[in-house]
Amino acid sequence: MTLDDLVGGGSAVVTGFALDHRKVAPGTIFGAFAGARVNGEDFIPAAVANGAVAVVARPEAPVEGALHIADAEPRRRFAGLAARFFGPFPRVTVAVTGTNGKTSTAELTRQLWRLAGHAAASIGTLGVTTAHDQVSTGLTTPDVVTFLANMGGLAREGITHASFEASSHGLSQYRTEGLPVAAAAFTNLSRDHLDYHETMAAYFDAKLRLFTEVVDGDGAVVVWADDGDHSARVIEVARARGLRVLTVGAGGETLRLVTRTPTQLGQTLVIEAEGRTHKVELPLIGAYQAANALVAAGLVIATGGDTAATLAHLARLLPVRGRLERAVITSANVPVYVDYAHTPDGLVAALAALRPHATGRLIAVIGAGGDRDVGKRAEMGAIAQAQADLVIVTDDNPRSEDPAAIRAAILTGAPDATEIGDRRSAIAAAIAQAQAGDIVLIAGKGHEQGQIVGDRVLPFDDVQVARSCAA
Ligand SMILES: CC(=O)N[C@H]1[C@@H](OP(=O)(O)OP(=O)(O)OC[C@H]2O[C@@H](n3ccc(=O)[nH]c3=O)[C@H](O)[C@@H]2O)O[C@H](CO)[C@@H](O)[C@@H]1O[C@H](C)C(=O)N[C@@H](C)C(=O)N[C@H](CCC(=O)O)C(=O)O
Ligand SMILES: Nc1ncnc2c1ncn2[C@@H]1O[C@H](COP(=O)(O)OP(=O)(O)OP(=O)(O)O)[C@@H](O)[C@H]1O
Ligand SMILES: N[C@H](CCC[C@H](N)C(=O)O)C(=O)O
Ligand SMILES: [Mg+2]
């Protein structure tokens, strides 16, 4: 592929795309963007010295020695060009956004496609997942070059169906643009990431771009219908664009959740669809997992899946790593669950999911990440204190912050909680106190494999630690 093939402007061969000047090699097209930390335009001379043949940047950016592809929204332009280089992509791609449930929904969509016989993959917080493999990318929505290169690679491997998570950061930085998106889903909206977006309105607007701009003009939108005004707003913007809208949930029309009855290891769902009633034994616990499973089913149906077959496949779903994952049953016969609840709403959902299964006490181990939204800390403390019987406040990725200050902020909402900074000791203490009938919830880290302290990532896995404490 040459510059002429892509944009006109010369016979130079294009060998790749890069956002970081240190990754530029001869023949690369460099994207120079103003970032949160530094201005990428400052690295244009260095990128050209490294062999960049073209630079995608704002019209006013100074570019010498390479073709200047000028655009007022250079991130979007760069994504469009990179997509032509990295394609073709899986035949069907769908995206999921929302504060909570993106990873779960993307992963359950992949599973449902696989059960229908498709070669399927998902990209998100857990990494790039196929039936055979899981490779981490470090971010929920990777940078656009990594994202498109992975999507192209999946297509070459024979993947025909791919679901991906569109985080609000990813959407606001155009990290998932350029490829066709046949359907997009909305799970819910609640407090998170206000350190980055500052207001809830700006946070919601970032997410809405998935529906107003990213999903194809002839595509479909799947909406969890039970999140009040947020659901209504997504439906409104989707209809305004003439998109096909599928709603799911108790207030949904496409898949109407009629009843949900917890069983020992899962729940029985009664769902009305296309005028028929379907009874499904979902092997996952908690209202929130039923919600994510229904949104996933909506995405499969929106992209051509048979409704009855898709609903029948719900009974064969496997748990998602770190989402209400039962790590161990202790010698005192106490189940210990690990869950990635790291927002107030997520914590409400995780505690509510476990409550019906506890005949005794619900014991919660909670924390909150450093260098992230500070306002959620006290809220999470208050939720744990209200919904659990015993709360232990511990560390969860303090990053550059003083861990004691983060715990203190959580404790303002949970004055009765016990404070144990060291996460291993906190988990050990929870398990040591638990008696038959109790349930332990270890919240916040889910699948994560490390504790981020300063710049260091110390190996840490809640599931492994719980098992070693229960032995
Ligand atoms: C705040 C944020 O989202 N930052 C991400 C963003 O950085 P940025 O565009 O602001 O970049 P910057 O560091 O200011 O640099 C500006 C530009 O100069 C370039 N540069 C920079 C330095 C240099 O020497 N040379 C150079 O060329 C950079 O590549 C960049 O293009 O783009 C970078 C490249 O894609 C990301 O690595 C970086 O993620 C940081 C590490 C991060 O922690 N992000 C988290 C908050 C995040 O994105 N989380 C979301 C949400 C999670 C969820 O809710 O699920 C996620 O999707 O993971
Ligand atoms: N539909 C939902 N409603 C409320 N809470 C949920 C829902 N789905 C998941 N959660 C809570 O959020 C946690 C994270 O779930 P998941 O990883 O699927 O979300 P996510 O949107 O991908 O999160 P992240 O933004 O960190 O990538 C779960 O462990 C659970 O506590
Ligand atoms: N244990 C985690 C959860 C992070 C979730 C992530 N999506 C984010 O907020 O960036 C933390 O706060 O460090
Ligand atoms: Mg996720």
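First listed ligand is number 1; within each ligand, the first listed atom is number 1. Positions are given from 1 along the sequence.
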Do me a favour and list the nearest non-hydrogen protein atom to atom 52 (C) of ligand 1 with residue, atom name and distance? T140 OG1, 3.7 Å
Say whether T146 and D143, considering side chains only, have a donor N or O and an acceptor N or O under 3.5 Å apart. yes
Sub-3.5 Å N/O-N/O distance, L19 and ligand 1: yes
Is the H21 to F30 ring centre distance short of 6.0 Å? no
Can you confirm, on distance only, whether ligand 1 has an N/O atom lying under 3.5 Å from any N/O atom belonging to V38? yes
Of T103, D192, T343, N397, the residue with the heavy atom nearest atom 13 (O) of ligand 3 is N397
Looking at F33, which atoms of ligand 1 are within less than 4.0 Å of one of its heavy atoms? 16 (C), 17 (C)
Scan side-chain atoms only and decide if D371 and S400 contain a donor-acceptor pair under the 3.5 Å cut-off. yes
Judged by modelled atom types alone, do Y288 and D339 share a side-chain donor-acceptor pair under 3.5 Å? yes
Considering only N, O or S atoms of E165, the one closest to the Mg ion (ligand 4): OE2
Between H21 and ligand 1, find which residue part has any heavy-atom pair under 4.0 Å and reply side chain, backbone, both or neither. both
For atom 41 (C) of ligand 1, which protein heavy atom lies nearest, and how many Å away is it? L139 CD2, 4.7 Å
When you compare the side chains of T187 and N292, does any donor N or O come within less than 3.5 Å of an acceptor on the partner? no
Does D396, backbone or side chain, put an N or O under 3.5 Å from an N or O of ligand 3? yes
With a 4.0 Å cut-off, strictly under, does atom 38 (C) of ligand 1 pick up any protein heavy atom? no
Could you tell me whether atom 46 (C) of ligand 1 has a protein heavy atom closer than 4.0 Å? yes
Atom 7 (O) of ligand 1 within contact range, any protein heavy atom under 4.0 Å: no
Strictly under 2.8 Å, is the Mg ion (ligand 4) approached by any N, O or S atom of Y340? no
If the cut-off is 2.8 Å, does any N/O/S atom of T125 fall short of it from the Mg ion (ligand 4)? yes
Of the backbone atoms (N, CA, C, O) and the side-chain heavy atoms from C-beta on, which set of S167 has a member under 4.0 Å from an atom of ligand 1: side chain, backbone, both, or neither? side chain
Ring center gap for Y174 and F78 short of 6.0 angstrom: no
Pairing donors with acceptors under 3.5 angstrom, does anything connect the side chains of H161 and R114? no
Once the angle between the rings of F204 and F186 is folded into 0 to 90°, is it parallel (under 30°), tilted (30 to 60°) or perpendicular (over 60°)? tilted
Would T103 and E165 count as having a side-chain donor-acceptor pair, cut-off 3.5 Å? yes
For R75, counting its heavy atoms only, list the atoms of ligand 1 lying under 4.0 Å from any of them. 9 (O)
So is there a nitrogen or oxygen of A368 less than 3.5 Å from a nitrogen or oxygen in ligand 3? no
The option among H169, K102, R22 carrying the non-hydrogen atom nearest to atom 24 (O) of ligand 1 is R22
Side-chain H-bond candidate by donor/acceptor type, Y340 with T125, under 3.5 Å: no
